[in-house]
Amino acid sequence: MVIPFSPENQLEISTDPADLPYYAGRSLLRMFIAYGASLLVTLVYGSIAAKNRTAEKVLIPLLDILQSVPVLGFLSVTITMFIGLFPASLLGVELASIFAIFTGQCWNMTFSFYHSLTTLPKDLKEVSAMLRFNWWQRFIRLEVPFAMIGLVWNSMMSFGGGWFFLAASEAITVLNESIRLPGVGSFMAAAVEDGNMPAVGYAIVTMIVMIVLVDQLFWRPIVVWSQKFKMERTEAVEVPTSFVYDLLQRAVFVVWMQKYCFRPIAKAVYAAFNLAARLTNRTASQLESVTLLSYLAAAIKWILLLTILYSVGQQAYQGGRMVASLGLDKLEEIIALGCYTLGRVMVSSLLGVLWTVPVGVWIGTNPRLSKFSQPVVQVAASFPANMIYPFVAVFYLQHSVNFELGSIPLMMLGTQWYILFNVIAGAMAIPNDLKEAAKVYKLSGWQKWRKLILPAIFPYLITGCITASGGAWNASIISELVIWKEDRLNATGLGSFISQVTATGDWPDIIAGIAVMCAFVVVINRLFWRRLYQLSETKYHLN
C-alpha cells in the first residue's frame, strides 16, 4: 500500500491467470478490512439510533440517504480526498477502494441491528433494569445476543454486496481519470475491455472459489455458533452443523489459545468497558444533580449540533448553487429519469418478494436443507452479478432484447438477496415452542402461514425490503448501462445518467443526479416503508 503512485504512472493490470491468486488475496483483504469497519459502525450507529429518540429522527433519515448514494457518488468525492491525504502513495487509492466496499456493506447491517434493538422484548428490558445493568452490560449481554442471528445473516448479505461493487471499487473511472488496483475486480474489468472471454471465465471461477471458501471457513461456523442466541424455551430437534465449527471446538491448539490468549483479552476488554460504563453513569447522574452543569452539558450539545448543521448547510448551499446553474429544464429531465428508474426498482422489488419469501422460509425452517442450500445461496448472493453482465450483454445483442425491460433482471441480481437473507434469518429465529404450539393447534397450509410464519418474519421482511429498495437504486448505476467492447446497452434512467456524468467528471450533473436519487429514496421510505416498519415494531414482534 505504500509504494509510489501517481495518476500519470498507473499500475498495469495483467489478464494472465497465473496472477489471479495474488489478485484474489488483495481483493479478499480489502473485503475483510471493509467488513471490520462496517461492523464497528453498525454497533455504534445502530445503538445510538435505537436508544435516543432525538438522534433517531436524524440518523435514520440520514441512513436512508447514505444507502441511496451510489458507490460512484462516494468515489467521486472520496478518491480525491484520500489521494490528497496520502500523496504519491498507493495507500490513498487503497483506502478509497476500501471505503467504496464499506459503503456497499455497512447500511444493510446497520438497519438490521437497529431493527433488532427496536424490537427487544419488553420482559427482557425489565429484567435488565431489575439486574441494574449499565449500558455496557446491557449491550453485551442482551442487545448484541438478541440481534445476533439477524446480524450474522445480514453480514453475509452485506459481504456479498461488497463483492457486487468490487469491480467498481478496484477499477475506478471518475472525473476523467482511470485508476486501477490489483484485484479480481480490476482483472475482470481489463478482461471485459479486451473482450477476452477466457480471462472472464477464469475470473468467475476464482470468484466462486473465494466465495465458497469464505462461506465454509468463516460464515458457516458463525451461523452454527449464532444458534445459541435463538430465543426459545424448547430445544429444536435439528440444528445447523459445520465441520469447521466442530473441528475448532475439538482442536487442542484452539482450546489452548482460548484459555491463555482470547479469554484473558476478552476479560480485560470487558472489565475496561464495564469500568468506563460505571464512570459515565456516575458522571451523568452527578451532572443531572447539578443544575449549572446540566445546563452547560445541554449548551455543549446544542453548539455541536449547530456546528454540524452549519457545515452540512454550507455544503448543501454550495451544491445547490451548482445544481441551480443547470436550470429548471435540466432538473426536470433528471427527475423524469428518476421516475423511469423508480418503476424498475418497484418491479424488481416486487418480483424479488414473490420468490424469496417461500424459498427463504423453506430454507430457514429446514436445518437439513439449510446445510446444503446455504453454500449455494451464499455463492449466488455473493457472486458479483456484474461479472456475468458481459454474457448477458452478448445474449441481449444477439437476440435484440429491449434493454429498457432487460435491465430489470440485472437489477434483481443485485437486490433480491437482501430480502432472501432477511427472510431466512426471520424463519430461523422463530422459536421452536411456537412451532410446537402450531402443531398442537393443528395449523397447516395457509392458516399456518397467516398465524405463525408471516407475522414472525414480517419485521425481517420489511428490513430486507428497505435495504433491497436502496440497493436497487444503487444497482441501477451498473445495471442501466452495460458496455461490451464497442457496444453500449443503455436504459433510460437515473442510474445510467449518473454513470455517464461521473465518468466525464461533470460535477453539477453528478450532484443533481445523486440529490434526486436520495430524494426519491427518502420520500418512498418515509411514506411507505417506514410505516410498515412501525407496524412491525408495534404489532409483529416478540413481547
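We're numbering straight along the sequence, starting at 1.
Put simply, SG on C465 and CD1 on I462 are 5.5 Å apart, with the number rounded to the nearest 0.5 Å. A distance of 9.5 Å separates OG in S499 from CG in L494, rounded to the nearest 0.5 Å. Rounded to the nearest 0.5 angstrom, F218 CZ and M156 CE are separated by 10.5 Å. Of the inter-residue distances, the one linking Y23 atom OH with S186 atom OG reads 6.0 Å to the nearest 0.5 angstrom. If you take CD1 on I424 and CH2 on W153, they are separated by 4.5 Å, rounding to the nearest 0.5 Å. Once rounded to the nearest 0.5 Å, the distance linking CG of L39 with OG1 of T110 reads 9.5 Å.
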**OP:** Go through the steps for L181 and L90 under the test side-chain contact (heavy atoms from CB on, under 4.5 Å), then give the verdict.
**Re:** CA-CA 9 Å; L181 296 170; L90 192 64; 3.5 Å; yes

Original post:
Run the side-chain contact (heavy atoms from CB on, under 4.5 Å) check on W355 and L351 step by step: do they pass?
Top reply: CA-CA 7 Å; W355 81 266; L351 294 177; 5.9 Å; no

**OP:** Would you sort out whether V345 and F520 count as a side-chain contact (heavy atoms from CB on, under 4.5 Å), showing the intermediate values?
**Re:** CA-CA 11 Å; V345 169; F520 268 101; over 6 Å; no

Original post:
Please walk me through it: do R344 and S407 pass side-chain hydrogen bond (donor to acceptor under 3.5 Å, both in side chains)?
Top reply: CA-CA 8 Å; R344 296 189 184 95; S407 61; 3.1 Å; yes

Subject >> side-chain contact (heavy atoms from CB on, under 4.5 Å) evaluation trace for L117 with S47 >> reply: CA-CA 7 Å; L117 296 189; S47 296; 4.0 Å; yes

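S348 contributes no side-chain N or O that, together with a main-chain N or O of M412, makes up a donor-acceptor pair within less than 3.5 Å. Under a 3.5 Å cut-off, the side chain of Q500 and the backbone N or O of S496 do form a donor-acceptor pair. Remark: side-chain polar atoms of Y114 are not paired, donor with acceptor, to backbone N or O of A49 under 3.5 angstrom. Judged purely by atom type and a 3.5 angstrom limit, S349 has no side-chain atom pairing as donor or acceptor with the backbone of M346. Using modelled atom types, one side-chain atom of S158 and one backbone atom of N154 make a donor-acceptor pair closer than 3.5 Å. The closest donor-acceptor contact from the side chain of T118 to the backbone of H115 lies under 3.5 Å. Under a 3.5 Å cut-off, the side chain of Y45 and the backbone N or O of L59 do form a donor-acceptor pair. With hydrogens and angles disregarded, a donor-acceptor distance shorter than 3.5 Å links the side chain of S27 to the backbone of V184.
Listed here is the closest heavy atom pair of T206 and L20: OG1-CD1, 3.2 Å. Smallest separation of non-hydrogen atoms from V423 and V357: CG1-O, 3.7 Å. Between Y460 and G150 the shortest heavy-atom distance is CE2-CA, 4.4 Å. Here the shortest heavy-atom pairing between I101 and M31 reads CG2-SD, 3.7 Å. Nearest heavy-atom pair, A427 versus G360, reported as atom, atom and distance to 0.1 Å: CB-O, 4.1 Å. Of all the heavy atoms in S479 and F403, the pair that sits closest is O-CZ, 3.3 Å.
Taking the six-membered ring wherever Trp is involved, the centroid distance between the rings of Y35 and W219 falls below 6.0 Å. With ring centers used as reference points, F99 lies under 6.0 Å from F102.
Taking the six-membered ring where tryptophan is involved, the planes of F253 and W256 are essentially parallel, since the angle between them stays under 30° and well short of 60°.
For the pair F82/V93, no side-chain contact is recorded, criterion being any heavy-atom separation below 4.5 Å from C-beta on. Counting heavy atoms from C-beta on, the side chains of M517 and S476 come closer than 4.5 Å.
Checked by atom type, the side-chain pair T463/N422 shows no donor-acceptor distance below 3.5 Å. Side-chain polar atoms of T341 and E480 form a donor-acceptor pair below 3.5 angstrom.
Within 6.0 Å of OH on Y270 lie more than 12 heavy atoms contributed by other residues, nucleotides or ligands.
A salt bridge between R30 and E170 is present, with a side-chain N of the basic residue lying under 4.0 Å from a carboxylate O of the acidic one.
With sequence neighbours left out, the ring-ring contact (aromatic ring centres under 6.0 Å, His included) criterion links F273 to W136.
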